[in-house]
Amino acid sequence: MTQTMTAVVKQPQMTAQQQAIVTFNNKVNGSYVQNQLKSVLGANSGTFATSLVEIFTNDKKLQGCDVNKVVQEAIKAATLKLPLNKQLGYAYLMVFNNWDKETRKSIPTPTLTIGYRGYIQMAMRTGQYRNINADVVYEGELCGKDKLSGSIDLSGEKTSDRIEGFFAHFETVNGFSKTLYMSLAEMAAYALKYSPSFKRKPTKDDPIPTVDNLCDLANGQAQNGPTGKVGWEGDFLSMGIKTVLRRLLSKYGYLSIEIMGALSEDEKAPNVQQVRDEEFSEAKEIISVDEQTGEVVDMAENKPSEASLSSAKPNGEEDDNPFE
């Protein structure tokens, strides 16, 4: 009598990176995310989802983030109808190490970043602009500025690859035009003040650059091209063009709801305006007064219960909502 031996093959255990990719793929292909994408992109939702999974698969920094937060940021790009592609420059996902007060440690956080081409595309969609442009100003091109009218004379000939500054200009269909110029030093100082990438803790091997360091970096990239990384230290010129265009549009341009949403989403640094808005957006107690007697009406009996405000999931719906 012959005994038959059955060998059990042990399946190799997935790495954390592979597990993150599988989890993200399941999340993107879940019913909730698919319905969200279809509602804003229609027939193009499948292409967007495929490119999103490809971006996540090839980005180790994104794989270290909470997959729900990655999906949330991606849906914002879909709502703005901007493709997530670093090469196209419309929008991309960047990862910042944000300090978490509860856990008291840095947590990799995905953040939607709008490129300057994305701002131009959203502005042209409004139909209010005859032309819009933004670019680098090189040595010799800047001839003068009229402080009274705000016009910038860029009629000079380029004499070298050395950067003088950045400009943005638009003209609306009704004839209104505006130009904004920022010198290279002003742009470098702006980046150091507001960019989350320079809020990191400096080390001996990775110090925080100075204004002069960033100016030298920008001029180096003007001659040799960007380093391949995303952000000020990787592509200073693109970030500078986007910044001057965003500042021009936010101050003087025609802003659709779409552009206003992108502007508020792209500027993550807290400022006085945001603090004030948050203060006034806090929940306030509403008091009703009877017009006849002048007495305060008790609103307790009319106040809806928390149970009535909560929304129950329909039967059979998958629990794949990344916003919960």
Side-chain angles (χ1 to χ4, degrees), residues 89-90 92 94 113-124 129-172 176-199 208-255 259 262-263 266-269 271:
Y90 290 102
Y92 35 86
M94 294 182 63
T113 302
I114 313 296
Y116 74 90
R117 292 187 179 93
Y119 279 113
I120 291 177
Q121 186 178 87
M122 288 187 291
M124 297 307 294
Y129 295 91
R130 180 175 286 115
N131 59 65
I132 184 169
N133 189 27
D135 207 344
V136 179
V137 178
Y138 292 98
E139 187 176 26
E141 293 180 331
L142 178 64
C143 295
K145 297 184 288 185
D146 188 333
K147 191 172 184 178
L148 184 62
S149 65
S151 62
I152 310 294
D153 184 0
L154 298 174
S155 59
E157 292 292 330
K158 176 182 174 182
T159 59
S160 72
D161 289 332
R162 187 170 183 80
I163 300 174
E164 290 287 332
F166 300 83
F167 85 93
H169 170 83
F170 71 75
E171 181 183 0
T172 62
F176 174 73
S177 64
K178 196 68 180 177
T179 305
L180 178 62
Y181 172 82
M182 294 178 67
S183 69
L184 178 57
E186 290 174 334
M187 189 64 71
Y190 184 93
L192 287 173
K193 184 175 181 180
Y194 293 107
S195 175
S197 60
F198 298 126
K199 305 298 181 184
I208 302 298
T210 64
V211 170
D212 290 338
N213 293 149
L214 287 182
C215 290
D216 293 339
L217 176 68
N219 281 304
Q221 291 179 4
Q223 297 179 11
N224 305 318
T227 62
K229 296 191 299 183
V230 177
W232 289 97
E233 293 175 290
D235 194 350
F236 191 99
L237 274 62
S238 293
M239 293 297 293
I241 293 172
K242 184 191 79 167
T243 298
V244 70
L245 177 62
R246 186 186 65 206
R247 295 186 70 187
L248 176 69
L249 290 175
S250 63
K251 191 171 184 179
Y252 299 105
Y254 173 85
L255 301 180
I259 297 179
L263 289 170
D266 196 39
E267 186 58 78
K268 295 294 184 181
N271 52 41

Examine distances only and state if a side-chain atom of E233 and a backbone atom of F198 form a donor-acceptor pair shorter than 3.5 Å.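 No, because the side chain of E233 does not come within donor-acceptor range (under 3.5 Å) of the backbone of F198.
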Gap separating the [atom1] atom of [X] from the [atom2] atom of [Y], nearest 0.5 angstrom:
X	Y	atom1	atom2	answer
N219	N224	CG	CG	10.5 Å
I114	R246	CD1	CZ	10.5 Å
K251	K178	NZ	NZ	8.0 Å
L249	Y116	CG	OH	14.0 Å
L248	M182	CG	CE	11.5 Å
K242	F166	NZ	CZ	13.0 Å

I want to check something: taking the side chain as every heavy atom from C-beta on, are [X] and [Y] in contact at a cut-off of under 4.5 Å?
X	Y	answer
W232	T243	yes
F167	I152	no
Y252	L180	no

Which residue pairs pass the side chain to side chain donor-acceptor pair (under 3.5 Å) test with at least one member in residues 147-156, sequence neighbours excluded?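 Every side chain to side chain donor-acceptor pair (under 3.5 Å) pair that includes a residue of residues 147-156, provided the two are not neighbours, is D146-S149, S149-S151, D153-S155.
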So Y129 and F170, would you call those rings parallel, tilted or perpendicular, with 30° and 60° as cut-offs?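 Ring orientation, 0 to 90° scale: perpendicular.
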Would you call the rings of Y190 and Y194 parallel, tilted or perpendicular, where under 30° means parallel and over 60° means perpendicular?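 Ring orientation of Y190 relative to Y194: tilted.
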Quick check: closest heavy atoms across [X] and [Y], and the distance to 0.1 Å?
X	Y	value
L245	A168	CA-CB, 3.7 Å
V244	I241	CG1-O, 3.3 Å
L214	P209	CD2-CG, 3.9 Å
F236	Q221	N-OE1, 2.8 Å
R247	S250	O-OG, 3.1 Å
G156	C143	N-SG, 3.3 Å

side-chain hydrogen bond (donor to acceptor under 3.5 Å, both in side chains) partner of H169, the single match among D135, N133, T179: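 With H169 as partner, side-chain hydrogen bond (donor to acceptor under 3.5 Å, both in side chains) holds for just one option, T179.
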Count the heavy atoms belonging to other residues, nucleotides or ligands that lie under 6.0 Å from CD of E157, then report whether that count exceeds 12.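 No, CD of E157 has 12 or fewer neighbouring heavy atoms, counting only those of other groups under 6.0 Å.
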Heavy atoms of other groups near K145 NZ, more than 12 under 6.0 Å: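 Counting other residues, nucleotides and ligands, NZ of K145 stays at 12 neighbours or fewer.
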Could you give me the CA-CA distance, side-chain angles and deciding distance for M187 and I163, then say whether side-chain contact (heavy atoms from CB on, under 4.5 Å) is met? CA-CA 11 Å; M187 189 64 71; I163 300 174; over 6 Å; no
